[in-house]
Structures are given as structure tokens and as C-alpha cells.
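Notes for the one structure printed next.
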Amino acid sequence: MSVQPIRLFGDPVLTTKAVPVVDFDAELRRLVADLADTMQAAPGSGLAAPQIGVGLRVFTWNVDGELGHLVNPKLTLSTDEQLGPEGCLSIPGLYFDCRRAQSVVARGFNMYGDPVVIEGSEYLARAIQHETDHLDGILFVDRLDTATRKQAMKAIREAEWSGLSGPPQIKVSPHPTNGFGL
């Protein structure tokens with residue numbers, strides 16, 4: 001298993017809805033392992049497959065020492081809410097107060113296709129909601145109130161990693177071009 005590059009804000013895969021997993025095979029188990037390795041190396045509290053460029057409905061989390069994963073999640077949210085700081089590995093170094101449900105019941109499958117139910121509150125609930133949003137092409141900045149979202153977008157434009165503040169940065173592919181250098 002291996003650590004994969006994390007896609008950053010602006011990458012279209014982050015705003016594209018992921019498709020359900022239909023094959024619970026060795027490839028899915030490799031994906032879950034890569035997600036866990038990448039999340040822990042970052043380090044982060046959660047990571048969804050689209051964040052490493054894979055458009056499948058699967059994510060991992062690491063909250064309070066509990067490492068887990070969920071495939072094809074469906075959430076039931078509490079009516080009680082929490083407001084607290086939230087960040088994202090695809091928007092590195094930036095944190096903003098985001099409103100989320102206080103608790104969640106998440107139904108889905110493990111990497112072997114067995115049904116699972118995860119119940120969480122507070123930080124685990126926040127992580128599960130955040131990662132499920134990634135599977136729907138939603139970033140946490142999309143959930144911020146208007147004033148906070150404006151601040152967030154300004155901070156993203158000014159972030160060293162964003163590339164949104166000036167002309168596009170041209171990167172040379174490490175892959176062979178077969179003589180078709182463009």
C-alpha cells in the first residue's frame with residue numbers, strides 16, 4: 001500500500017459526485033489501504049477517495065485513535081447542531097467554523113461488502129459528514145455562512161499552494177510524451 005498525492009482545491013475531481021462501489025474486491029481493499037496510509041501520513045482525521053483522484057464512494061477516518069472506513073455511506077443526521085472549526089487536507093492549513101449535525105448514524109459497507117452501521121457524535125460526526133460531502137462533490141467551504149465563505153475564499157486565493165492568485169502555474173509531466181512535447 002502507498003501514500004498517494006492529495007488533490008487540492010480547484011481540482012475538478014473534488015466537485016464531481018463519486019459513483020457507488022459495486023466490486024468489493026482486492027482493488028477496493030488496496031484503495032482503502034492507500035486512503036488510510038495517505039490520511040495518516042498527512043496527517044488527517046479523514047480522507048475520501050476523490051481526494052486522491054478516485055471517483056468512488058469510499059472514505060477513511062481516524063478519530064480519537066479509531067481508524068475506520070466506510071463504503072457507499074448513507075447518513076441520518078440529528079437535528080441538534082454543532083458549530084466548530086473544520087479543515088480539509090485538500091485545503092491545507094486553513095480552518096473555519098462550520099455548522100454540522102451534532103450526531104450521525106452512517107450506514108454502508110466495509111471493504112468486504114459486509115453491512116456496517118457507524119454511530120458518532122461531535123468530532124466523529126463532523127468527520128463522517130465532511131467525508132461524505134466529498135463523495136457528493138461538496139467541500140466544507142460550500143457549507144460556510146456567506147461572510148465566513150468570503151473569508152475562506154480570500155484565504156484560499158492567498159494560500160501559497162493554491163495557484164489561484166496569479167497566472168496558472170505550468171507543470172511538466174513526469175510521464176513520457178512519446179515525442180509529442182507540447
Side-chain angles (χ1 to χ4, degrees), residues 1 4 6-7 9 13-91 94-146 148-149 152:
M1 307 323 126
Q4 302 295 315
I6 296 174
R7 304 294 180 95
F9 182 92
V13 73
L14 296 174
T15 55
T16 303
K17 189 169 182 166
V19 299
V21 171
V22 293
D23 295 320
F24 291 82
D25 56 9
E27 187 174 331
L28 176 63
R29 290 187 289 281
R30 273 193 303 278
L31 173 60
V32 170
D34 286 350
L35 284 168
D37 289 349
T38 304
M39 173 186 62
Q40 291 176 305
S45 299
L47 190 67
Q51 291 180 273
I52 62 169
V54 179
L56 291 175
R57 297 187 69 78
V58 58
F59 67 83
T60 56
W61 75 85
N62 187 1
V63 174
D64 297 329
E66 178 189 350
L67 179 62
H69 70 277
L70 194 57
V71 179
N72 297 339
K74 295 200 184 303
L75 306 185
T76 303
L77 305 175
S78 70
T79 55
D80 295 341
E81 295 182 336
Q82 59 175 307
L83 179 66
E86 197 162 318
C88 181
L89 293 175
S90 293
I91 307 174
L94 300 177
Y95 299 87
F96 298 93
D97 282 344
C98 183
R99 189 168 305 282
R100 295 281 185 182
Q102 178 68 25
S103 58
V104 65
V105 176
R107 290 174 171 76
F109 301 90
N110 67 17
M111 67 179 122
Y112 301 103
D114 300 322
V116 295
V117 177
I118 307 298
E119 295 183 44
S121 60
E122 299 176 3
Y123 195 61
L124 179 58
R126 179 176 296 280
I128 289 171
Q129 292 170 78
H130 179 107
E131 300 312 327
T132 301
D133 272 355
H134 273 299
L135 305 181
D136 292 327
I138 298 168
L139 298 170
F140 89 97
V141 294
D142 298 328
R143 295 211 178 266
L144 302 176
D145 65 60
T146 303
T148 307
R149 180 173 165 73

How long is the span from the [atom1] atom in [X] to the [atom2] atom in [Y], to the nearest 0.5 Å?
X	Y	atom1	atom2	result
Thr38	Gln4	OG1	CD	5.5 Å
Asp37	Thr60	CG	OG1	9.5 Å
Arg143	Gln129	CZ	CD	8.0 Å

By side chain to side chain contact (heavy atoms under 4.5 Å, CB included), which residues pair with [X], not counting sequence neighbours?
X	value
Asp114	Asn110, Tyr112
Glu81	Arg99
Arg149	Val141, Asp142, Leu144, Met153

Task: Contacts of type ring pair (Phe, Tyr, Trp, His ring centres under 6.0 Å), residue Phe96, not counting sequence neighbours - done: none
Task: For His69, all residues meeting ring pair (Phe, Tyr, Trp, His ring centres under 6.0 Å), sequence neighbours excluded - done: none
Identify all side-chain donor-acceptor contacts of residues 39-57 below 3.5 Å with residues at least two apart in sequence or on another chain.
{"unit_1": "Ser45", "atom_1": "OG", "unit_2": "Tyr123", "atom_2": "OH", "d": "2.7"}
{"unit_1": "Gln51", "atom_1": "OE1", "unit_2": "Ala48", "atom_2": "N", "d": "2.9"}
{"unit_1": "Gln51", "atom_1": "NE2", "unit_2": "Ser90", "atom_2": "OG", "d": "3.0"}
{"unit_1": "Arg57", "atom_1": "NH1", "unit_2": "Leu135", "atom_2": "O", "d": "2.9"}
{"unit_1": "Arg57", "atom_1": "NH1", "unit_2": "Asp136", "atom_2": "OD1", "d": "3.0"}
{"unit_1": "Arg57", "atom_1": "NH2", "unit_2": "Asp136", "atom_2": "OD1", "d": "3.2"}

Report yes if some heavy atom in the side chain of [X] is under 4.5 Å from a heavy atom in the side chain of [Y]; otherwise report no.
X	Y	result
Asp23	Leu28	no
Arg100	Phe140	yes
Asp64	Leu124	no

For [X] and [Y], which heavy atoms make the closest approach, and how far apart are they?
X	Y	result
Pro73	Phe59	CG-CE2, 3.7 Å
Ala127	Val63	CB-CG2, 3.9 Å
Cys98	Arg126	O-NH1, 3.0 Å
Pro85	Asp97	N-OD1, 3.1 Å
Phe9	Leu14	N-CD1, 3.8 Å

- [ ] In sequence, state the C-alpha distance, the side-chain angles, and the governing distance for Phe109 and Val21, and then conclude on side chain to side chain contact (heavy atoms under 4.5 Å, CB included).
- [x] CA-CA 10 Å; Phe109 301 90; Val21 171; over 6 Å; no
Task: Asp133 side chain to Ile138 backbone, donor-acceptor under 3.5 Å - done: no
TODO: Output yes when a side-chain donor or acceptor of Ser103 lies under 3.5 Å from a complementary backbone atom of Ser78, and no otherwise.
DONE: no
Open item on the list: Evaluate Leu31 against Met111 for side chain to side chain contact (heavy atoms under 4.5 Å, CB included), listing each step before the verdict.
Closed with: CA-CA 9 Å; Leu31 173 60; Met111 67 179 122; over 6 Å; no
- [ ] Give me the ring orientation class for His130 and His134: parallel if the planes are under 30° apart, tilted from 30 to 60°, perpendicular past 60°.
- [x] perpendicular
